[in-house]
Every structure is written in structure tokens, then in C-alpha cells.
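Reviewing the structure listed below.
Just so you know, these numbers come straight off a predicted model, no measurement behind them. Both counts, for ligands and for their atoms, begin at 1 and track the order of listing. We number each residue from 1, following the sequence as shown.
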Amino acid sequence: MASESFNPFKMAQQQFDAVAEKLGLDQATRDFLRTPCREYHFNIPIRMDDGSYKVYRGFRVQHSDARGPAKGGIRFHPQETIDTVKALAMWMTWKTAVVDIPLGGGKGGVICDPHNLSMREQEAICRGWVRQIARNVGPLQDVPAPDVMTTGQHMLWMLDEYETITGFKSPGFITGKPIGMGGSLARPEATGYGAIFTLREALKEKGIDIGKTTASFQGFGNVSQFAIDLYTQYGGKAIAVSSWDQKEQKSFTFRRKSGIDMKELLGITNRFGEIDRIKAVELGFEVLPGEDWIDQEVDILVPAALENQVNAQTAPQIHSSVKFIVEGANGPTTPEADEIIKKKNIWMIPDFLANAGGVTCSYFEQVQCNMNFFWTKEEVLTRLDNKMTEAYHATSELAQKRNVYMRDAAYMISISRVAEAVKMRGWV
Ligand code: NAD
């Protein structure tokens, strides 16, 4: 989230500017791509369960639709800001480009806290969000999806409202829908599994046996849960995971050196990905301060919670044993931390590559909805694996050939693709 000292949009622009310079992009293309094409801010008035009225602030940002309809999630968060949404929309543009799917980048959000809202109130916010923006989104314009604290249920309410307004069935309007209601099998797994597909390839490339590695994760939500699931299926040992504690208003790290059993940990985790501390102790976990996920003696770190978690203050604490960082979250690492990570010689799998599995599967969901024919879970995961593996190797090859940092290599691929689309359309 944006704060006085951290602005994710400035960070996204800083990352873009550095690569635009490396690529020698002309000024007009830089000006065009370093800001969003369109942004919408609006009020969502809601009648609460107690009969009172409250007004929530909603956003939708379309950073680029040069390569296809804008695409990106909608986040419900009490600290949501327009600058966070703008940064996330920009990163979506690079993400869809790096995995080479025919979509652009967008993002949305509402400043609200689902912890304190009934399901009816959340439904009203979803429907209100769509009513404000229905003219400017849609399967051929801009396709939303779930993000932090939004789920398939929220997507279905939004779809229902959109179809009510337009009078047509438009399952391609939104992705991340529940299975059986237009959702794709394997969408829940897609982001976490996608991240581990890229990690598997990186380890293979470096000649390291995944079965002999250990990892620490930040966050225990959708991305992290499935990342841990596949990583441990491959034989890796996850020893630490951190999660937010709503009551204490801070995070905690849960460590068990003998390894985490994903299913067991899920049993003591609520729907927001928050782990019960008392039950964790009963299961033999040590409960450590939230920030301790980063200084564990492991081979792999997977930040999969929020932005700005690996920064100038925390990056120096990364243990010398760490060889890989796989960014499950969007924007977890600041440019200052990148410099520290480079010096530590850690192999970085950057966010918009590592977590592109979600949007890739969302694209598959759209394709299946358009065909009105749904694939098996195996088929979805095989296609996802192929896309992620291909994107990882293209990035890694460029990084090695040009001797650049992995994040820069991924940016070089994405920005070149989007700049080319913008040029071919004759926009700049
Ligand atoms: P989620 O809401 O399911 O889970 C978030 C997790 O982070 C929860 O376990 C929560 O307890 C934890 N958390 C929150 N604040 C924390 C803190 N300060 N310290 C430690 N843990 C904290 O969200 P998600 O869908 O798993 O998304 C996580 C990240 O991945 C976000 O950056 C999101 O934008 C990104 N992402 C998600 C997807 C997707 O498909 N879900 C796709 C691409 C990127």
C-alpha cells in the first residue's frame, strides 16, 4: 500500500524509466507508457445492514490496451490508494506481455475492509462498483478479476450486475468466477503453481535438486498456499510462513524446522489467510515476529503478501544461504532492495513473471467461456506450465546473454512488446 515514504506508482515508473533508457525508447513512447491511458475514480453509496448509509471510494485504471483488452484484478483493502492501483495496472501490462497473451493491463480497487462487512454489504459494493464503471469495462474493453480480499463470489455478483445492465450473458466480462459458473478449473492454483513452475525451471538451470531445498514464505493466502502446495509436492521443504493477525494488527511468522504440512496449516487458517497462533503452537510451530520470514536460513524466499516488503531496511537481513527469490506478490521488492539483492548474488524471479500464472489462467478462462467448452484441470495446468516455462526461459536467456538482472530482462521483453504494439497501431 502507498504511504508517505513508499509510493508504488513512483516505484513502477522508476523501474520503467531505467529499462526505457536501456532500450533507448523514444520520448513519446516513454511518455505514453509511463502513465495510465485512463483512470476512473468514483463513489459507491451503500445502505448498510443497520439501515445507515456509507460511501466507499472505488477505482479502475486502464494502463494499456495496446495488445488487447485491459486485464487485472479488483482489490478490497482499507489502505487502498489510487497510486497502488496505478502501479498494479502498469505491472499488469508488463505481466500479460511477458507471457505473451493478447491482453493489456488494468487494475481496480475499493477502499473498504471486508473483515468488517457482511456478505450482503460486500455484494452491494460489488454491484455498486459495476454500476459506476459498466460503460467502460467489458469483455472487449477491460476484464476484471479477483485480487487481495476478493473472491469468485465477488466476481459472480459483479458479472450478474453487468449482465443485468447490458441485458446479455457475457461470461468473458470477468474472470476468477466459481467453477461451474464460468470459472476455469485450476484458477485457484494458477498463481501459486505458476510461481513454482518458474522456480522449478530456475533450479533445473542451476543444477539444484528441488528436493534438497528449503524455503520461507511471506503470506498464507491464495498465492502462498498453492505455491507451498506444489513446492512441497516437488519435494521442497517449507519451514516458515508469515501471516497477518487482524486482532493484533500485525503479522507473525510461523516456523517449524521439520517442515510445514500445508493441509494441516490450512485447518487452522481463516478465509483471509490468517493463521491461528494458539493452534499453531499446539501443532509445534514457533511463533516469531512477522518480519522474521525474511532472515531465515533457507535457499528460497517467496514474498507472497503485499508490496514494499523487501526494502532498504529488510533486504540486508536476508540470510547468506538464500539463492533465489520468487516474487509471488506484486511489487514486494523496492529498487533499493534490488541493488542489495544483486550484490548478494541472489537469482531473482520477478513478480510480473513469477505471478503471471493467475492472469494466464484468467486468459484461458476467457477462451473457454468464449468457446463455451471447458477444459479438464490437467489440460489447464499443462498449458499453464508450458506458458510459464517458456516465459521463464526467454527471460533467463536474455538476462544471461545481455548480462542483466532478471527483473530488467523481463522488463526489456515486456516493454519492447508493448512499445511495438503502440507503434504498429500508429499511436506514437
Ligand atoms: P490473499 O488475500 O489471499 O492473501 C494475502 C496473505 O498475506 C494473507 O495470508 C495475509 O494474512 C497475508 N498478509 C497480509 N499482510 C501481511 C503482512 N504485513 N505480513 C505478512 N503477511 C501478510 O492474497 P493473494 O491473492 O494471495 O495475493 C497476495 C499477493 O499476490 C498480492 O500482492 C497480490 O496482488 C498478488 N497476486 C495475486 C494473484 C492471485 O491470483 N491471487 C495473482 C497475481 C499476484
Side-chain angles (χ1 to χ4, degrees), residues 1 3 8 71-80 84-85 87-89 91-92 94-96 99 105 107-109 113-115 144-152 154-155 175-176 183-184 186-195 216-229 240-254 265-266 268-277 288-294 302-311 314 326-333 350-363 365 384 388:
M1 299 291 124
S3 64
K71 180 89 194 79
I74 301 170
R75 189 179 274 197
F76 283 0
H77 201 282
Q79 269 100 45
E80 186 67 298
T84 312
V85 183
L88 290 164
W91 287 325
M92 284 306 295
W94 314 136
K95 200 181 293 191
T96 53
V99 284
K107 204 80 184 189
D113 190 348
H115 286 97
D147 196 81
V148 174
M149 288 204 266
T150 51
T151 64
H154 296 100
M155 299 305 108
T175 60
S184 173
R187 177 62 185 87
E189 289 87 346
T191 308
Y193 276 26
S216 171
F217 294 74
Q218 188 191 34
F220 194 57
N222 170 263
V223 178
S224 189
Q225 288 171 11
F226 284 104
I228 294 174
D229 180 26
V241 59
S242 73
S243 85
W244 184 249
D245 189 310
Q246 180 67 8
K247 215 158 103 201
E248 299 288 330
Q249 285 292 299
K250 59 181 182 181
S251 59
F252 291 95
T253 298
F254 299 84
L265 197 56
L266 268 183
I268 59 164
T269 303
N270 72 10
R271 69 193 161 98
F272 297 108
E274 294 157 6
I275 300 166
D276 186 311
R277 269 184 300 144
L288 310 169
E291 52 283 7
D292 282 15
W293 72 278
I294 206 168
V302 184
L306 293 170
E307 314 82 55
N308 188 26
Q309 300 301 304
V310 186
N311 52 38
T314 59
V326 187
E327 294 185 321
N330 287 311
T333 306
D351 49 3
F352 64 94
L353 169 63
N355 69 35
V359 73
T360 304
C361 192
S362 278
Y363 163 60
E365 180 176 331
L384 180 68
M388 297 302 295

Go through the steps to decide whether V85 and E80 satisfy the test side-chain contact (heavy atoms from CB on, under 4.5 Å), and finish with yes or no.
CA-CA 8 Å; V85 183; E80 186 67 298; 3.7 Å; yes
Is there a donor-acceptor contact under 3.5 Å linking the side chains of [X] and [Y]?
X	Y	result
T314	N311	yes
K107	T84	no
S362	R187	yes

Residues two or more places apart in sequence or in another chain: which of them pass salt bridge (charged side-chain N to carboxylate O under 4.0 Å, His left out) with D113?
none
For Q309, which of E327, E291, Q218 qualifies under side chain to side chain donor-acceptor pair (under 3.5 Å)?
Q218
I'd like the contact residues of ligand 1, where contact means a heavy atom below 4.0 Å.
R75, K95, D147, V148, M149, R187, T191, Q218, G219, F220, G221, N222, V223, S242, S243, W244, S251, F272, G273, E274, A304, A305, L306, G328, A329, N330, N355
